[in-house]
Each structure stands twice: as C-alpha cells, then as structure tokens.
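Take a look at the structure set out below.
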Amino acid sequence: MSERPRLTVLSGPSGVGKSTVVAHMRKEHPEVWLSVSATTRRPRPGEKHGVHYFFVTDEEMDKLIANGELLEWAEFAGNRYGTPRAAVLERLEAGEPVLLEIDLQGARQVRESMADAQLVFLAPPSWEELVRRLTGRGTEAPEVIERRLDAAKVELAAEPEFDLTLVNTSVEDVARELLALVDVV
Ligand SMILES: Nc1ncnc2c1ncn2[C@@H]1O[C@H](COP(=O)(O)OP(=O)(O)OP(=O)(O)O)[C@@H](O)[C@H]1O
Ligand SMILES: Nc1nc2c(ncn2[C@@H]2O[C@H](COP(=O)(O)O)[C@@H](O)[C@H]2O)c(=O)[nH]1
C-alpha cells in the first residue's frame, strides 16, 4: 500500500500555467482524475460545461454553499469557485487519487479539513514571465488582469505554506514531476 498522499492540490498564481501542465499530464495519463469545479465565471471560448467547469449562476452557487455541497470555495478576482465535495469523497473512498487545481484560499481550506493532503505550489520563472503569460493568454480584460496580478502578489508570498514548489519553466518537465507526485499506479 502506498504511503503517498491521495489528495494533491495544485495551486499558484493566475497565468502561471496550472491548466496547461495538468492538460499535458492528462493527455499522456488520462487516468489522473481532476476535480471539475463550479464557478460563477462566464465560459471562455472553447470551455465546456461539465468538462472545464460547471458554470453556475450566483443563485446556484449560493445554494451549493448553503447546502454544504462544496469541499472548499473562494471568491477570486470577482467570481466564485468551489470544489464539489461528493465526487472528491467518492474517489477517495474508492482509494483513487484526486487532483484539485484551485487558488490559495481553497488550498488553505483543504489543508484545514484534510491534514494529509499534499499541497503543491506552481511558481513562474519570474514575475515578468507571469505577466507575459497572463497577458498573452488573451482571455481577460486589462482590469481583470490587474486584479489577477494583485492576487498573484499575495499568492507568491504564500509559497512557504506549501509542501513543495515546482517552477514552470518547461511544461513537459513540470508535468512529469507532477505525475510522480500524484499517486497514480
Ligand atoms: N512553461 C510555459 N512556458 C511558456 N508558456 C506557458 C508555460 N506554461 C503555460 N504557458 C502559457 O501561459 C498561459 C497561462 O497558462 P494557463 O492558462 O495554463 O495558466 P493557469 O495557471 O491555469 O491560469 P488560471 O489560474 O488563470 O486559470 C497560457 O497561454 C499557456 O499557454
Ligand atoms: N478555491 C478554488 N479556486 C479555484 C477552483 N477552481 C478554479 N480555481 C482557481 O481560480 C482561479 C481562476 O481560475 P480561472 O479558470 O478563472 O482562470 C485559478 O487560480 C484557479 O486555480 C475551485 O474550485 N476552488
């Protein structure tokens, strides 16, 4: 029986490359189960309901929170995001590894409720590169980018709270390192 943690949280500033790294890893290893979050954010072009997120209204999010259906949730840059509790617990109870891609506030909540969770911080090679990636993605308006960069300063300062840090210089290298951390047989 492996002693590696079953639940892994991947966190890090907006634009650092979390989704890119996870998508790369799952292309080669689709057996890695990633929780699909609920969010009040509008879908970006190409994003599908139930695949990238469960896109919900403010009222639906209120209900998910009030009914205790979220393992954790947070407001990030003007939208709310949360991890559906039932699907995660189902996987863990079946002994299967779980990966969450969430912000710092969510990572802290998971740390509180699941002491044996493994918290991984994804860091950019430099601040300038983070700005370049977030801006270059072209998915947010300039004022939203500003809000996300403000949040990034707070997130970068919280790096010591995490169990380990991976620096996203190469997507391939980080995807390989992350795969080794996620307890996939
Ligand atoms: N190692 C890398 N080198 C260069 N560009 C990268 C690298 N990793 C990711 N990118 C690019 O950076 C941009 C942001 O990546 P991505 O959307 O995966 O970030 P994220 O951390 O998931 O952001 P968010 O938290 O806002 O969802 C994308 O355009 C992606 O192609
Ligand atoms: N606390 C949570 N944070 C989440 C969740 N799902 C995603 N996120 C994080 O939100 C920001 C913004 O995401 P974006 O898709 O709008 O760019 C990013 O840091 C995500 O990791 C969640 O369920 N809970």
Between [X] and [Y], what is the shortest heavy-atom contact and its length?
X: Gly12; Y: Phe121; answer: CA-CE1, 3.9 Å
X: Pro84; Y: Ser35; answer: CD-OG, 4.3 Å
X: His24; Y: Ala175; answer: CD2-CB, 3.6 Å
X: Leu130; Y: Gly15; answer: CD1-C, 3.7 Å
X: Leu122; Y: Gly17; answer: CD2-C, 3.8 Å
X: Pro97; Y: Trp33; answer: O-CB, 4.0 Å

Applying the 4.5 Å side-chain criterion to the ILVMFWY set and letting contacts propagate, would [X] and [Y] be lumped into a single cluster?
X: Val167; Y: Leu179; answer: no
X: Leu70; Y: Leu100; answer: no
X: Leu89; Y: Ile102; answer: yes
X: Tyr81; Y: Val56; answer: no

Heavy atoms from other residues, nucleotides or ligands near CZ of Arg137 exceed 12 (cutoff 6.0 Å): yes

Neighbour count above 12 (heavy atom, 6.0 Å) for Glu112 CD: no

Are [X] and [Y] close enough that some pair of their side-chain heavy atoms sits under 4.5 Å apart?
X: Leu99; Y: Met25; result: yes
X: Thr83; Y: Val88; result: yes
X: Arg133; Y: Thr20; result: no
X: Leu164; Y: Leu181; result: yes
X: Ser14; Y: Leu134; result: yes
X: Met114; Y: Leu92; result: yes
X: Arg80; Y: Thr39; result: no
X: Gln105; Y: Arg108; result: no

Any residue meeting ring pair (Phe, Tyr, Trp, His ring centres under 6.0 Å) with His49, in chain and number order, not counting sequence neighbours: Phe54

With sequence neighbours excluded, residues passing ring pair (Phe, Tyr, Trp, His ring centres under 6.0 Å) with Phe76: none

Do the charged groups of [X] and [Y] touch, with an N to O distance under 4.0 Å?
X: Glu47; Y: Arg41; result: yes
X: Asp150; Y: Arg147; result: no
X: Arg6; Y: Asp116; result: no
X: Asp103; Y: Arg148; result: no
X: Glu140; Y: Arg44; result: yes
X: Glu128; Y: Arg132; result: no

Between [X] and [Y], is there a donor-acceptor pair closer than 3.5 Å when you use the side chain of the first and the backbone of the second?
X: Arg91; Y: Leu34; value: no
X: Glu155; Y: Leu104; value: yes
X: Glu60; Y: Thr57; value: yes
X: Gln109; Y: Trp73; value: yes
X: Arg26; Y: Val32; value: yes
X: Asp163; Y: Leu119; value: yes
X: Arg85; Y: Gly68; value: yes

Working for side chain to side chain contact (heavy atoms under 4.5 Å, CB included), residues Thr40 and Phe55: CA-CA 6 Å; Thr40 57; Phe55 295 99; over 6 Å; no

With rounding to the nearest 0.5 Å, note down the distance linking [atom1] in [X] to [atom2] in [Y].
X: Gln118; Y: Thr8; atom1: CD; atom2: OG1; value: 4.0 Å
X: Leu166; Y: Lys18; atom1: CG; atom2: NZ; value: 13.0 Å
X: Asn168; Y: Asp173; atom1: CG; atom2: CG; value: 9.5 Å
X: Ile145; Y: Thr135; atom1: CD1; atom2: OG1; value: 4.5 Å

Stepwise side-chain hydrogen bond (donor to acceptor under 3.5 Å, both in side chains) check, Ser19 with Glu101: CA-CA 8 Å; Ser19 303; Glu101 190 197 314; 2.8 Å; yes

Qualifying residue for side chain to side chain contact (heavy atoms under 4.5 Å, CB included) with Val16, from Ser11, Pro125, Pro124: Pro124

